[in-house]
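The structure under discussion appears below in the form of structure tokens.
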Amino acid sequence: KPFAIISAQAKTTSGGLNPDGEDGKLATKPWSFGHAVAGASTQKIVSDHPANASHEISLLRLDNGTNNLLQFDPKTGRGNFITGQTGNTGLKFGVLYDVPLAPLQSLSQLNAANPGGSSGYAPRFAQPIGNSWAHPMLNSSEAITALPEGKLLDHSFLLNTALYDHFYFSGLADQTGSFGTANRTVKQVAEEFLAGKPLADPRLKLYAPDGKPRNGISDRVAASDAYATIAAWQTIDGPFNINSTSVAAWKAMLGSIHDGKALYNQLNKTAKSSALTALPPADGDKNESRISRFRLPVELSEKDGGDPAESYWLGAREYKDEELERLAEEIVKQVRERGPFLSMGEFVNRRLGTGETAQRGALQQAIDNAGLNRELADDSNAGYEIPADK
């Protein structure tokens, strides 16, 4: 008769919340810290705190036999993860990375390259770029914590510092892959840009450096060092000042996305297929704005009729006018408290030190204070807010 099971499993948001331990003993934020997409998990069980690892080695007593073990859906062949290991707590579908199918437009899209999970240094970060939460196992006053057994790196702080003030995506890139548009080369994209066709980000405008002809951009984009020089050929129309203390300005920026032709990648879970499907248009009468961490969401939002548990992790979010107003007010409070910011990296990152500003960056603090996602998190049983004693 089986009396116990030993397992190595990815941590969930419900770890430690259930007294029987079926969901694990340690909770984590798997979309931020507990990077489970790794070839192996190495742990020094005696000397290293298990919170540094993305997986948990567990010895579970089988008080109820084997009834609750390895639960999976026979129709899809999927088990449970993210929020729990059982059918009562876990999810069977989730997307950790949005693999780009077109030229990148945002630095945070580089998270798909797994920059925080393959560095070789603990703790593992799943979505480090743009993330500003302080990892609970790191000294909040340091970006690198030195321990006798080795260094711990705050991958988020270090990557945000390295990227946000030194790099951007010009939109001038080859579009010759499987999802490219008519197999356009970077030179063709540049020539169309020269002729007046806007790039994916229409705010990026052509600018010829002093003494250079405007058509020189066609040859410049094809040069081997274009990555280091192409910024001299572009300007941005209407840049936003992150040190603004105008609630109206922040609200206008946050509410600028009202695309009535947005799509999502609708899953057919039984057929194990997907299809591009139109999302319901954002409510323009309520100045509703749609924001997603995916280029293509994989589920309807809860407001649009999606299942709350899956919408929380897979869908976009629609925010009404009053919600945007509340978030803009909270951002302005953070700017006044922490600013002026001398760089984008400083705005995105937390402050090294102690206290609340060392726990998360200004924007994340404003989002938390505004409480925009709290109701959806409760409806979906997300378990994302981990109690201090867990």
Side-chain angles (χ1 to χ4, degrees), residues 31 73 75-76 78 82-83 91-106 108-109 111-112 127 130 179 181 198-203 240 248 250-331 363 366-368 370-384:
W31 258 227
D73 184 348
K75 293 182 180 180
T76 62
R78 288 177 173 264
I82 304 175
T83 53
L91 295 176
K92 291 180 172 60
F93 290 86
V95 177
L96 179 59
Y97 290 126
D98 188 11
V99 179
L101 302 178
L104 303 184
Q105 290 180 264
S106 167
S108 61
Q109 288 181 282
N111 280 322
Q127 303 273 359
F179 294 87
T181 304
L199 298 169
D201 184 348
R203 297 174 303 161
F240 187 80
W250 274 105
K251 182 181 176 182
M253 191 276 291
L254 295 168
S256 62
I257 306 174
H258 296 281
D259 191 348
K261 298 180 180 179
L263 303 174
Y264 78 109
N265 197 22
Q266 185 179 30
L267 294 176
N268 185 325
K269 299 168 185 176
T270 303
K272 301 180 182 179
S273 63
S274 64
L276 296 182
T277 307
L279 279 168
D283 193 338
D285 293 337
K286 297 181 180 178
N287 289 325
E288 195 173 65
S289 179
R290 174 176 284 130
I291 300 173
S292 174
R293 69 183 179 93
F294 299 117
R295 187 72 173 266
L296 281 173
V298 194
E299 177 61 88
L300 293 170
S301 69
E302 183 182 25
K303 290 182 180 179
D304 287 335
D307 176 76
E310 295 188 350
S311 295
Y312 184 88
W313 303 99
L314 301 176
R317 309 283 171 84
E318 289 85 19
Y319 297 107
K320 298 178 182 178
D321 184 79
E322 58 267 26
E323 293 173 315
L324 296 177
E325 178 88 18
R326 188 161 74 247
L327 178 56
E329 290 172 352
E330 293 296 339
I331 292 174
L363 184 56
I367 293 171
D368 291 349
L372 299 186
N373 302 314
R374 195 168 298 136
E375 183 177 348
L376 179 56
D378 291 340
D379 290 346
S380 64
N381 194 30
Y384 211 56

message = To the nearest 0.5 Å, what is the distance between CZ on Arg295 and CG on Asn265?
response = 13.5 Å
inquiry  = Using 0.5 Å steps for rounding, measure from the CG atom of Leu324 to the OH atom of Tyr319.
reply    = 9.0 Å
request  = Would you please test Arg317 and Glu323 for salt bridge (Lys or Arg N to Asp or Glu O under 4.0 Å) and show each step?
outcome  = CA-CA 11 Å; Arg317 309 283 171 84; Glu323 293 173 315; over 6 Å; no
ask   = So, the side chain of Asp304 versus the backbone of Ser301: is there a donor-acceptor pair under 3.5 Å, distance only?
value = no
Any donor-acceptor pair under 3.5 Å from Ser311 side chain to Leu300 backbone = yes
key: Check: Gln105 main-chain N/O paired with Gln109 side-chain donor or acceptor under 3.5 Å   = yes
key: Heavy-atom donor-acceptor pair, Gln127 side chain to Leu96 backbone, under 3.5 Å   = yes
ask   = Any idea which heavy atoms bring Leu327 and Ala370 closest together, and the distance?
value = CA-CB, 4.1 Å
query = When rounded to the nearest 0.5 angstrom, what distance separates CD1 in Ile331 from CG in Leu254?
reply = 4.5 Å
key: Shortest non-hydrogen contact between Ser380 and Ala377, atoms and distance   = OG-O, 3.3 Å
task = Provide the closest heavy-atom pair for Glu299 versus Gly306 in the form atom of the first, atom of the second, distance.
result = OE2-CA, 4.1 Å
ask   = Is the side chain of Arg374 donor-acceptor paired with the backbone N or O of Asp368 at a distance under 3.5 Å, no angle test?
value = yes
inquiry  = By the definition side chain to side chain contact (heavy atoms under 4.5 Å, CB included), identify the one residue from Glu330, Lys320, Arg326 that meets it with Leu372.
reply    = Arg326
request  = Assess the pair Trp250 and Phe240: is the distance between their ring centroids shorter than 6.0 Å?
outcome  = yes
message = Would the distance check show the side chain of Thr277 and the main-chain N or O of Ala275 forming a donor-acceptor pair, the cut-off being under 3.5 Å?
response = yes
key: Separation of Leu296 CG from Gln266 CD (nearest 0.5 Å)   = 12.5 Å
task = Measure the shortest side-chain to side-chain distance between Glu310 and Lys269 over non-hydrogen atoms and say whether it is less than 4.5 angstrom.
result = yes
request  = Check Ala382 against Thr83 and note the closest heavy-atom contact, atom names and distance.
outcome  = O-CG2, 3.6 Å
key: Which atom of Val99 lies closest to which atom of Ala112, heavy atoms considered   = CA-CB, 4.4 Å
message = Nearest 0.5 angstrom please: Ile291 CD1 to Arg293 CZ, how far?
response = 14.0 Å
remark   = Rounding to 0.5 Å, atoms OG (Ser292) and CG (Asp98) come to a distance of 7.5 Å
key: Minimum heavy-atom distance between Glu318 and Lys303, given as atom pair plus value   = O-NZ, 2.6 Å
